Amino acid sequence: MMCLAVLVSGSGSNMQSIVDSTKVGILRGVAKVVLVISNNPDAYALERAKNENIKVICFKREKYDDEESFNDVILTELQIAKVDIICLAGYTRMLGQKIIKTYPRRILNIHPSLLPKFGGKGMYGHYVHEAVVEAKETKSGATVHFVEEEYDTGKSIIQREIKICNADTSQDVAQKVLSIEHQIYPEAIKKVIEEHS
Ligand code: GRF
C-alpha cells in the first residue's frame, strides 16, 4: 500500500477525487491518503480532509523566517508520515529543492491546461482559462506531470483534452477541465505507483 500526501491551498476537489478513488475507485487497495498539508488555514480542503479522518497539518509561510525553514517542517512531516508519493492539488507555493530532491519522480502536480501551452509563472486558476478563451483555442484540457525545479516543466504523466465551443466562457472551460482533472489525477497516481513497484 503506497502512502500519499496531498498538498492543497483551496477547495480541494482534486484531493477529494483522489481520496474517493482510494476508497471506491482505481486506487482502492493500492494507495491511501495519510496526510493533507495546507498553507492556507481557510482552505475548504481542510474541512474535506477532516471529514475523511485524514491527518491534516496547516503551515502558514509567514510564521517562518525563510522559504528553507518553511519547507524543512513540511519535509519532516512527510517523513514522519512515511509518505511515498506527494500530490500537489491546487497548492499555490513552490516546493523547496530539498523536498524535490528527496522524492525523485514521486511528486506530481496537476495543471488545468494542455502543457506546455498556458503553463509557467502566473498561469494558474482562472488566468489559464481566460487566456485559453482569449486565444480562441478549440480545445483545452488538463495535465498531470512530475514536479521539477521550474514551474510546470516536469515530464507529463497523463494529459486529456476537452472541446471548447464558440459560446463557452472561461467559467465553462474551467468546469469542463475540472471534471477531467478529477478523472486523470487518480489514473496518473496509479501509473506512477506501477512505475515504482
Ligand atoms: C485545479 O484547477 C488544478 O488544476 C490547479 O488548481 C485547481 C485546484 O482545484 N492546480 P481544487 O482545489 O482541487 O478544487
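Counting starts at 1 for both ligands and their atoms, in listed order. Because the structure is predicted, anything quoted here is derived from the model rather than measured.
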For Phe59, all residues meeting ring pair (Phe, Tyr, Trp, His ring centres under 6.0 Å), sequence neighbours excluded
none
May I ask you to say whether Glu181 pairs ionically with Arg160, meaning some side-chain N is under 4.0 Å from a carboxylate O?
no
To the nearest 0.5 Å, what is the distance between OG1 on Thr22 and CE on Met2?
14.5 Å
For ligand 1, what are the residues with a heavy-atom contact below 4.0 Å?
Ser11, Gly12, Ser13, Asn14, Gly90, Ile110, His111, Pro112, Glu181
Taking the basic N atoms (NZ, or NE/NH1/NH2) and the acidic carboxylate oxygens, is any pair closer than 4.0 Å for Lys176 and Asp168?
yes
Results of side-chain contact (heavy atoms from CB on, under 4.5 Å) for Ser21 - residues two or more places apart only
Leu27, Pro186
Report the hydrophobic cluster partners of Tyr124, with the cluster defined as I, L, V, M, F, W, Y residues connected by side-chain heavy atoms closer than 4.5 angstrom, directly or transitively.
Tyr127
